[in-house]
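A short write-up of the structure that comes next.
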Amino acid sequence: MFETEEKKQRALLVSVDTGEDDAQASMEELYELTRSADAEPVASMIQKRPAPDGATCVGSGMIKEIAQFCKSHGIDLLIFDCELSPTQIRNIEEDAGVRVVDRTILILDIFAARARSREGKLQVELAQLQYLLPRLTGKGTELSRLGGGIGTRGPGESKLETDRRHIHRRIESLKAQLTEVEKQRELTKRQRRKSGIQMVALVGYTNAGKSTLMNRLTEAGVLAEDKLFATLDPTVRTLKLPSGAKVLLTDTVGLVRRLPHHLVQAFHSTLEQAVEADVILNICDASSPEAGLHLEVTRELLQELGCREQPVLSVLNKCDRVPDLQGLPVIGSKTLRISALTGEGIDDLLAAVEEALPEKMRRITVLLPFSEGGLAAAVRREGTVLEEAYTEDGLRMTATVDTRLLVRLEAFIVS
């Protein structure tokens, strides 16, 4: 649950436009991130510069303007749309007279407030400590502040003291705990493979309507709010297709522009659920002017994760908000237009998912040379072995396997 405050923090958003990115679009996303962190974005300021100032990020004249605005409008918090150094934060706070957080701290704060599962909490704390560790120099007693508001949630004073050895030990402990969680997830993954249950994954930018779609398809009861990162931990539910067949539908953590690399690393295991899926639904907000970009960025991330063989369906959600459907982007060979809120296009979506699903488990008999011990181990691990016997020519196995493993076994099939 969020910290309850009688009065929301009033925030001024600040950005430096160097021409490398769309500063206005990034600022709009920062506005939504601020709302998601339960603060009130009062106004924004953007300064064009060839590069951020080393001391205060923005120029000296801009700092004076910011300080005057904070004083006259009762601003409690400055949020910068970039990553600041400890020295920059200290200098800005001294000049402006209000607390300062950067984009990374803001996102970490939202994740700290939203994580519910044990794995999610471990991942968030690990990301926070990895972000803070190289920043201990110069921070002094600031690391131990535990007041209310953005940038103060999370691990707590005992985990943020300036003793680097203590933080290193905590990081190693978190990594060990996450390794155990990953082992449990791998066991569940193997059991699913052997059972032949197929999986469909929802991926896409945060606030694209993935949770609403999950609720529409499965009555999952997942929190669905018009906020970025409204849900953080993955949800898995059973989905019934038009033919009566059942698959697992899983939601993944939403993407966001310039997601801090610590969080990309920490939540890599969560995003890897897409790698194991048989079909991937790339969800985007059709009403967003950057819908096409969001679809393309998500597609590129899926390729980086190794999702090259699975069918990916581009799903334009929130079409009820778009009067002219002709101008909507088309990514890939299959683009579906739906509204998870009204139910429009859901039947077509389910039919497309069923059509895209690969053939289920097949029963085969193979004769594996003794040199293919690794392949035999894969059959035992990922398939269901019905019979096996050693012969003069190799290992004869009868098993049920999925289509991915079948491709590797084709050369050795005897019946």
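The figures here come from the full heavy-atom set of this structure, side chains too, leaving out hydrogens, waters and symmetry mates. Quick caveat, the model's predicted, so the values are computed rather than measured.
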### Query
Using a distance-only test with no angle check, is there a side-chain donor-acceptor pair under 3.5 angstrom linking S173 and Q177?
yes
### Message
What I'd like to find out is whether the side chain of L217 reaches to under 4.5 Å of the side chain of L350, using heavy atoms alone.
### Response
yes
### Query
Taking C-beta and beyond as the side chain, do T87 and R90 meet within less than 4.5 Å on heavy atoms?
yes
### Message
Evaluate F412 against M397 for side chain to side chain contact (heavy atoms under 4.5 Å, CB included), listing each step before the verdict.
### Response
CA-CA 10 Å; F412 307 105; M397 304 180 76; over 6 Å; no
### Summary
When every non-hydrogen atom of G59 is compared with those of Q47, the smallest separation belongs to N-OE1, 3.0 Å
#### Entry: Min side-chain heavy-atom separation I66-I75 under 4.5 Å
no
### Query
Under 4.5 Å between any side-chain heavy atoms of L133 and H168, yes or no?
yes
### Pair S26-D81, side-chain donor/acceptor within less than 3.5 Å
yes
### Within-4.5 Å side-chain heavy-atom neighbours: L281 and L349
yes
### Flag, side chain of T218 to backbone of N215, donor-acceptor distance under 3.5 Å
no
### Summary
What one should report as the nearest heavy-atom pair of E354 and P242 is OE1-CD, 3.7 Å
### Query
In Å and rounded to the nearest 0.5 Å, what is the CG to CZ distance from L108 to R103?
12.0 Å
### Query
Should D102 and C82 be marked as a side chain to side chain contact (heavy atoms under 4.5 Å, CB included) after you check the CA-CA gap, both sets of side-chain angles, and the distance that decides it?
CA-CA 6 Å; D102 61 17; C82 59; 5.8 Å; no
### Message
Taking A96's backbone N and O only, do any of them form a donor-acceptor pair with K71's side chain (distance below 3.5 Å, no angle check)?
### Response
no
## Note on the structure
Heavy atoms of T56 and D53 approach each other most closely as N-OD2, 2.9 Å
### Message
Check R169 with E172, please: is the shortest side-chain N to carboxylate O separation under 4.0 Å?
### Response
no
#### Entry: Approximate separation, where rounding is to 0.5 Å, of E28 CD and L13 CG
11.5 Å
### Query
Below 4.0 angstrom, N of the basic side chain to O of the carboxylate: do K183 and E180 qualify?
yes
### Summary
Between V353 and V279 the two heavy atoms that sit nearest each other are O-CG2, 4.3 Å
### Query
Could you state the interatomic distance from CG (D320) to CD (E344), rounded to the nearest 0.5 Å?
7.0 Å
### Query
Within the side chain of N317, is there an N or O that forms a donor-acceptor pair under 3.5 Å with the backbone of A208?
yes
### Contact check, side chains of L248 and T238, non-hydrogen atoms, under 4.5 Å
yes
### Task
Decide side chain to side chain contact (heavy atoms under 4.5 Å, CB included) for L213 and I338; before the verdict, give the C-alpha distance in whole Å, the side-chain angles of both, and the deciding distance to 0.1 Å.
CA-CA 9 Å; L213 181 58; I338 69 166; 3.8 Å; yes
### Task
Please answer whether the main-chain N or O of L341 pairs with a side-chain N or O of R216 as donor and acceptor at a distance below 3.5 Å.
yes
### Message
Could you go through E32 and R35, starting from their C-alpha distance and side-chain angles, then the distance that decides it, and tell me whether this counts as salt bridge (charged side-chain N to carboxylate O under 4.0 Å, His left out)?
### Response
CA-CA 5 Å; E32 295 300 327; R35 284 184 59 245; 2.6 Å; yes
### Task
Find out whether D285 and H294 are in side-chain contact, i.e. whether some heavy atom of one side chain is under 4.5 Å from a heavy atom of the other.
no
### Task
Tell me, with the steps shown, if L241 and L357 meet side chain to side chain contact (heavy atoms under 4.5 Å, CB included).
CA-CA 11 Å; L241 297 174; L357 283 171; 3.5 Å; yes
#### Entry: Approximate separation, where rounding is to 0.5 Å, of Q88 CD and F80 CZ
8.5 Å
### Query
Looking at CG of L174 and CD1 of I167, how far apart are the two atoms once the value is rounded to the nearest 0.5 Å?
11.0 Å
### Query
Of the non-hydrogen atoms in D251 and S211, which two are nearest, and what is the gap between them?
OD2-OG, 3.6 Å
### Task
Specify the closest pair of heavy atoms between R299 and N282, including all atoms of both residues, with the distance to one decimal.
N-ND2, 4.0 Å
#### Entry: R408 CZ: over 12 foreign heavy atoms closer than 6.0 Å
no
### Query
Side chain of D348, backbone of L336: donor and acceptor closer than 3.5 Å?
no
### Query
Within the distance-only criterion (no hydrogens, no angle test), does the side chain of Q198 pair as donor or acceptor with the backbone N or O of V247 below 3.5 angstrom?
no
### Task
Spell out, as yes or no, whether a donor-acceptor pair under 3.5 Å connects the side chain of E372 to the backbone of P369.
no
### Task
May I ask you to test the L30-L106 pair for a side-chain heavy-atom distance under 4.5 Å?
yes
### Task
Look up atom CZ in R99 and atom CD1 in I79, then write down how far apart they are to the nearest 0.5 Å.
9.0 Å
